[in-house]
Amino acid sequence: MPKKKSSANDLPSRPKEYSFFKDVHEIVRQIPKGRVSSYGAIARYLGTGLSARMVGWAMNAAHQVQPPVPAHRVVNRNGMLTGKAHFSPPSLMEALLKKEKIIVKEDKILGFDELFWDPAIELTL
DNA sequence: AGCCTGACTTTGT
DNA sequence: GACAAAGCCAGGC
């Protein structure tokens with residue numbers, strides 16, 4: 001049997017249409033209304049091998065993905081709306097959160113600890 | 001094919 | 001406790 005060359009395509013269980021973004025979008029969409037999650041939590045759910053930065057990057061594409069992804073429910077580990085600058089207008093993120101009964105003070109989510117939604121736990125499979 | 005970037009996180013000083 | 005640096009991986013050019 002001829003030796004197979006190792007390549008990224010050899011990854012098993014990984015459809016061609018697979019996109020890191022798509023996975024992230026799917027998870028983010030599952031965030032219950034009124035709850036929030038963090039980039040790191042999502043990244044960890046996909047596998048510790050992934051980095052949280054990519055999650056945030058996936059959000060960047062979230063704006064052009066369908067169905068729409070509630071990127072406003074994803075904040076950093078501090079509960080700070082670090083990505084608000086990427087919304088248009090930036091105040092949109094805070095506005096959406098407040099609309100879901102989430103209190104935001106100075107770009108920080110109050111009670112973040114209680115509102116935190118960890119896919120690795122909530123989606124316990 | 002290679003280099004740069006990026007909405008984070010963790011660890012060390 | 002605050003600040004600095006490194007690690008991380010995939011997409012874009």
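Predicted, not measured: the structure shown is a model, and the values here were computed from it.
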Legend entry - Residue list, side-chain contact (heavy atoms from CB on, under 4.5 Å) with A:L92, at least two apart or on another chain: A:F87, A:P89, A:L96
Inset, instruction - Before giving the answer on side chain to side chain contact (heavy atoms under 4.5 Å, CB included), spell out for A:D118 and A:I42 the whole-Å C-alpha distance, their side-chain angles and the decisive distance to 0.1 Å. - result: CA-CA 7 Å; A:D118 188 343; A:I42 296 169; over 6 Å; no
Inset, instruction - Starting from A:M80, walk the hydrophobic network (Ile, Leu, Val, Met, Phe, Trp, Tyr; side-chain heavy atoms closer than 4.5 Å) and list everyone else you reach, by chain and number. - result: none
Inset, instruction - Each residue besides A:V65 in its hydrophobic cluster should be listed here, by chain and number; the cluster joins Ile, Leu, Val, Met, Phe, Trp and Tyr at side-chain heavy-atom distances under 4.5 Å. - result: none
Inset, instruction - Identify whether any heavy atom of A:A85 sits under 4.0 Å from a base atom; if not, whether one sits that close to sugar-phosphate; answer base, sugar-phosphate or nothing. - result: nothing
Inset, instruction - Report which part of the nucleic acid A:H72 touches: base, sugar-phosphate, or nothing (heavy-atom distance under 4.0 Å, all strands). - result: nothing
Euclidean distance, atom [atom1] of residue [X] to atom [atom2] of [N] [Å, nearest integer]:
X      : N      : atom1 : atom2 : value
A:M59  : B:dA7  : CE    : C1'   : 9 Å
A:L46  : C:dC9  : CG    : C1'   : 12 Å
A:K22  : C:dA10 : NZ    : C1'   : 17 Å
A:D23  : C:dG11 : CG    : P     : 12 Å
A:N60  : B:dA7  : CG    : P     : 8 Å
A:F21  : C:dC9  : CZ    : P     : 15 Å
A:N76  : B:dT10 : CG    : P     : 11 Å
A:K108 : B:dA7  : NZ    : P     : 21 Å

Inset, instruction - Taking only the side-chain heavy atoms of A:R77 (C-beta and beyond), determine which of B:dT9, B:dT5, B:dA7 contains the nearest atom. - result: B:dT9
Legend entry - Residue A:R44, side-chain heavy atoms: nucleotide from C:dA10, B:dA7, B:dT10 that is nearest: B:dT10
Polar-atom pairs under 3.5 Å, protein N or O versus N or O of nucleotides 4-8 of chain C: list them with distances, or write none.
from	atom 1	to	atom 2	distance (Å)
C:dG7	O6	A:R53	NH1	3.1
C:dG7	O6	A:R53	NH2	2.4
C:dC8	O3'	A:G49	O	3.0

Inset, instruction - Check A:F112 against A:V75 and note the closest heavy-atom contact, atom names and distance. - result: CE1-CG2, 3.5 Å
Legend entry - Over all atoms of both residues, closest heavy-atom pair of A:P32 and A:W117: CD-NE1, 3.2 Å
Legend entry - Residue pair A:I31 / A:V74, side-chain heavy-atom distance below 4.5 Å: yes
Inset, instruction - Could you tell me whether the side chain of A:V28 reaches within less than 4.5 Å of the side chain of A:S37, counting heavy atoms only? - result: no
Interface polar pairs with nucleotides 11-13 of chain B, N/O, under 3.5 angstrom:
none

Inset, instruction - Take atom CZ of A:R44 as the centre, draw a 6.0 Å sphere, and report whether it contains more than 12 heavy atoms from other residues, nucleotides or ligands. - result: no
Inset, instruction - Evaluate the side chain to side chain contact (heavy atoms under 4.5 Å, CB included) criterion for residues A:V24 and A:L46: first the C-alpha distance (whole Å), next the side-chain angles of each, then the deciding distance (0.1 Å), finally the verdict. - result: CA-CA 8 Å; A:V24 175; A:L46 294 174; 3.7 Å; yes
Legend entry - A:E100 with A:R73: basic N within carboxylate O range, under 4.0 Å: yes
Legend entry - Side-chain donor-acceptor contact under 3.5 Å, A:E94 with A:H72: no
Inset, instruction - List in numerical order all residues of residues 87-100 of chain A for which some heavy atom is under 4.0 Å away from an atom belonging to DNA chain B. - result: A:F87
